[in-house]
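The structure appears below as structure tokens.
Counting begins at 1 with the first residue of the sequence.
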Amino acid sequence: MATDIKDTAHAVEAATVMRLLPARPRLLALGEPTHGEDPLLDLRNELFRQLVEQEGYRTIAIESDCMMGLAVDDHVTSGTGTLDEVMEHGFSHGWGTSAANRELVRWMRAYNDGRPASEWLRFAGFDGPLEITHAASPRQALTALHGYLSTRVDANLLPCTAESLDRLLGADDRWTDPAAMMDPSQSVGQSAEARELRLLADDLVALLDAQTPHLITATSRDDWDRARLYGRTATGLLRYHFWMPDTSPSRMTRLVSQRDQMMADNLLALAERGPALVHAHNGHLQRDKSTMRMWDQPLLEWWSAGALVSAHLGERYAFLATALGTIRHQGVDTPPPDTVEGLLYALPEDRFVIDAPRLATTLGDTRPAPRVSPYYGYSPLDPAHLAGIDGIVFVKNVPQI
């Protein structure tokens with residue numbers, strides 16, 4: 001069996017990955033089963049460079065706040081801000097401290113320097129402005145959208161003034177209070193002001209859509225596209241906040257589902273612009289439903305961003321799942337031989353990409369056992385998901401750095 005599986009293993013290179021896929025994807029998604037391990041991000045960076053140089057990819061999107069990511073994109077395209085500043089203010093979830101992320105931004109800026117705008121590499125965060133304990137105020141996205149429209153369309157078409165938005169939004173700490181995650185009664189998401197803001201956000205987005213021909217001509221497609229991001233983020237955040245006060249058993253499912261919906265909407269917008277490499281947790285990018293258990297909640301199950309995007313793009317969406325052998329500094333030792341990771345660990349190479357459909361065919365009726373992780377931050381590959389994976393990037397040992 002190991003010999004048969006070895007025949008499906010190839011070097012992790014852009015050309016090899018492309019040969020595994022039925023069509024050139026608009027979005028090539030590279031998942032990771034754990035966060036915070038720079039060797040996996042180094043591999044991502046290397047693959048992105050090859051995709052840029054050999055396959056014409058121009059965008060990388062990572063699991064980080066879409067609004068904060070605009071500062072990184074401004075830096076890599078036009079040199080706005082220093083590298084230190086964008087690493088501090090352009091990433092969420094603490095990703096700005098990663099040496100691999102820093103190297104990615106540095107390389108992208110160096111690549112773009114001196115090139116025409118048509119050849120620039122672009123950076124995007126595609127996560128919503130959300131953390132596990134709280135969600136951002138919709139202020140930044142709403143006021144940015146209103147500001148874009150107010151200087152470019154007839155004032156009589158605007159559904160509100162900037163002052164009325166400010167009054168309805170109130171203090172930002174009302175929205176970001178972490179107590180609301182555990183105590184729904186602390187959320188302002190269903191207040192009279194929040195309900196009015198949802199209607200105004202919808203009207204502002206509708207106005208943006210209705211004025212598209214004028215706005216693209218008056219500004220640029222990039223500026224209009226950024227305004228669409230403001231609109232998606234504002235409506236998505238207000239919807240997320242609306243469900244924060246919910247006390248039904250579906251509350252957490254609605255919240256995590258809304259996060260992946262925001263991710264999917266951002267990815268579909270990026271797909272319109274051109275081919276992109278997408279990097280995030282396997283659970284967000286897989287074609288199957290995601291599952292998670294939080295605190296004392298029942299098991300949550302919802303459609304992942306990858307499932308939603310795949311339903312829209314078909315073969316123009318490809319998913320490479322990353323699987324790991326060991327993360328010994330996190331207590332993850334040699335995988336059992338009857339798991340997918342164990343079968344791949346028996347191969348001699350340190351890292352490679354496996355043709356997942358061929359692997360499934362080779363295994364036939366032999367169903368590998370699910371691997372159980374002793375480390376809560378690592379999610380082993382679910383063998384039941386093999387059919388929805390285009391390729392498996394396997395890294396035998398993740399060293400501590």
Is a side-chain N or O of [X] found less than 3.5 angstrom from the main chain of [Y], in a donor-acceptor match?
X	Y	value
Asp338	Pro368	no
Thr217	Pro213	yes
Asn112	Val76	yes

Hey, could you give me the [atom1]/[atom2] distance between [X] and [Y], rounded to the nearest 0.5 Å?
X	Y	atom1	atom2	value
Leu165	Leu204	CG	CG	6.5 Å
Phe126	Ser64	CZ	OG	9.5 Å
Ser373	Glu341	OG	CD	9.5 Å
Gln50	Met18	CD	CE	10.5 Å

Could you check whether [Y] and [X], counting side-chain N and O atoms only, form a donor-acceptor pair closer than 3.5 Å?
X	Y	answer
Thr326	Asn397	yes
Arg287	Ser310	yes
Thr212	Trp224	yes
Ser250	Thr253	no
Thr339	Tyr345	no
His284	Asp127	no
Ser137	Asp172	yes

Go through the steps to decide whether Leu145 and Gln140 satisfy the test side chain to side chain contact (heavy atoms under 4.5 Å, CB included), and finish with yes or no.
CA-CA 9 Å; Leu145 175 59; Gln140 182 185 5; over 6 Å; no

Decide side chain to side chain contact (heavy atoms under 4.5 Å, CB included) for Val332 and Leu324; before the verdict, give the C-alpha distance in whole Å, the side-chain angles of both, and the deciding distance to 0.1 Å.
CA-CA 9 Å; Val332 181; Leu324 306 176; over 6 Å; no

Would you check if [X] and [Y] make a side-chain contact, meaning some heavy-atom pair closer than 4.5 Å?
X	Y	value
Arg293	Tyr376	no
Leu277	Thr59	no
Phe48	Glu46	no
Ser92	Glu131	yes
Leu343	Pro337	no
Arg367	Pro383	yes
Tyr148	Arg226	no
Asp177	His134	no

State, to 0.1 Å, how close His10 and Thr16 come at their nearest heavy-atom pair, and which atoms those are.
CB-CG2, 3.2 Å

Smallest separation among heavy atoms of Ala194 and Val188, with atom names
CB-O, 3.4 Å

Using 30° and 60° as the class boundaries, would you call the ring planes of Trp175 and His241 parallel, tilted or perpendicular?
perpendicular

Classify the ring geometry of Trp107 against Tyr111: parallel below 30°, tilted from 30° to 60°, perpendicular beyond 60°.
tilted

side-chain hydrogen bond (donor to acceptor under 3.5 Å, both in side chains), that's the test. Do Asp260 and Trp303 meet it? Break it down for me.
CA-CA 8 Å; Asp260 271 66; Trp303 286 112; over 6 Å; no

Tell me, please, which residues at least two apart from Asp65 pass salt bridge (charged side-chain N to carboxylate O under 4.0 Å, His left out).
none

May I have the step-by-step check of salt bridge (Lys or Arg N to Asp or Glu O under 4.0 Å) for Arg198 and Glu193, ending in yes or no?
CA-CA 9 Å; Arg198 288 189 76 186; Glu193 295 84 357; over 6 Å; no

Any salt bridge between Arg221 and Glu272, counting N to O under 4.0 Å?
no

Salt-bridge test for Arg44 and Asp38: reply yes if a basic N is under 4.0 Å from a carboxylate O, no otherwise.
no

Of all pairs that satisfy salt bridge (Lys or Arg N to Asp or Glu O under 4.0 Å), the ones with a partner from residues 17-30, not counting sequence neighbours:
none

Listing request: all salt bridge (Lys or Arg N to Asp or Glu O under 4.0 Å) pairs with a residue in residues 102-125, at least two apart in sequence or in separate chains.
Arg49-Glu103, Asp73-Arg122, Asp84-Arg102, Glu103-Arg106, Arg109-Asp113, Arg115-Glu119, Arg122-Asp222

Apply side chain to side chain contact (heavy atoms under 4.5 Å, CB included) to the pair Ser290 and Glu301, showing each step before the final yes or no.
CA-CA 6 Å; Ser290 293; Glu301 185 179 49; over 6 Å; no

Between His279 and Glu63, is the side chain to side chain contact (heavy atoms under 4.5 Å, CB included) condition met? List the steps.
CA-CA 6 Å; His279 189 256; Glu63 186 185 337; over 6 Å; no

Partner of Leu215 by side chain to side chain contact (heavy atoms under 4.5 Å, CB included), out of Val153, Asp209, Leu207
Val153

